[in-house]
Amino acid sequence: MAELRPTLTTEPQPGLIIEETANISRLMCCAGPYFALERWKIATAYEYAFNGTRIFSNLGDPLHIEAAGESYTLGRAETLLLPAALANIRLQGTGELLVGYLPNMQRDVVEPLSRQGYDQQTIERMGDILGKKR
C-alpha cells in the first residue's frame, strides 16, 4: 500500500507508428523503464538487429525466423523468447507480431520516435519514458 498512487491516471492512446521500410510497420504501444511493447506488421522479409532479449508473440499467419544458422516457424498464437546473444534475425512471411522487451529508453524508444517526427510531449504519453512518477 505504500506505493499506492490514487492520483495516477492514464490517457488511452493509439500508439505511435515507426515506419522503417516498406516491409515493416512498427506500432509502439507502450514504453517504460521496465517494459516496452510494440505491434509489428510485416509485409515480406525483414532483417532485425537487436540488443537484449526479445519476446515475439505471433498474432497472424505463421512466420519463419532464421538465426544463427537455424530456422524456426512461429505459428499463430505461439510465443518465442529470443536471447540477446542472437543479436540479429531474419523474419520471412507476412503477419503480425507483438514484441516485448526491456528497453534502453533513449536508444529504443525516444530516438526512433523522434526520427519519425514525434515531439517530446507525444513521446512521453507512451508511458514512464523519463522515469517520472505520475
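The figures that follow rest on heavy atoms only: side chains count, while hydrogens, waters and symmetry mates do not.
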Counting distance only, does the side-chain N/O of Asn23 pair as donor-acceptor with the main-chain N or O of Ala43 below 3.5 Å? no
Closest non-hydrogen contact found for Ala49 with Asn88 is CA-CB, 3.8 Å
Give a yes-or-no answer on whether the side chains of Glu38 and Tyr101 include a donor-acceptor pair shorter than 3.5 Å. yes
Could you tell me the separation between the OG atom of Ser57 and the CG atom of Leu81, rounded to the nearest 0.5 Å? 10.5 Å
With heavy-atom distances below 4.5 Å as the criterion, would you say the side chains of Leu97 and Leu74 are in contact? yes
Counting distance only, does the side-chain N/O of Thr122 pair as donor-acceptor with the main-chain N or O of Tyr118 below 3.5 Å? no
Run the numbers on Phe35 and Ile55 for side-chain contact (heavy atoms from CB on, under 4.5 Å), then give the verdict. CA-CA 11 Å; Phe35 184 74; Ile55 300 170; 5.6 Å; no
When you look at CD of Glu70, are more than 12 heavy atoms from neighbouring residues, nucleotides or ligands closer to it than 6.0 Å? no
Please answer: with hydrophobic residues joined when any side-chain heavy atoms are less than 4.5 Å apart, are Trp40 and Ile17 in the same cluster? yes
Identify the two heavy atoms, one from Ile18 and one from Pro112, that lie closest to each other, and give their separation to 0.1 Å. CD1-CB, 3.9 Å
Test item: Arg107 and Asn51 side chains (from C-beta on) under 4.5 Å apart, heavy atoms: yes
Contact summary for Ala68 and Leu86, nearest pair of heavy atoms: CB-CD2, 3.9 Å
For Leu102 and Tyr34 the tightest heavy-atom approach is CD1-O, 3.4 Å
Is there a donor-acceptor contact under 3.5 Å linking the side chains of Arg90 and Tyr48? no
Quick one, Leu37 and Leu98 - any side-chain contact, counting heavy atoms below 4.5 Å? yes
Indicate the atoms forming the closest heavy-atom contact of Pro103 with Gly32, along with that distance. CG-O, 3.2 Å
Report yes or no: does Tyr72 contribute a side-chain atom to a donor-acceptor pair with the main-chain N or O of Leu63 at less than 3.5 Å? no
At their closest point, which heavy atom of Asp108 faces which heavy atom of Met28, and how far apart are they? O-CE, 3.8 Å
Thr73 pairs by side chain to side chain contact (heavy atoms under 4.5 Å, CB included) with which of Gln92, His64, Glu78? His64
Between Leu82 and Phe56, is a side-chain contact (heavy atoms from CB on, under 4.5 Å) present by the stated rule, with each step listed? CA-CA 8 Å; Leu82 298 171; Phe56 282 10; 3.6 Å; yes
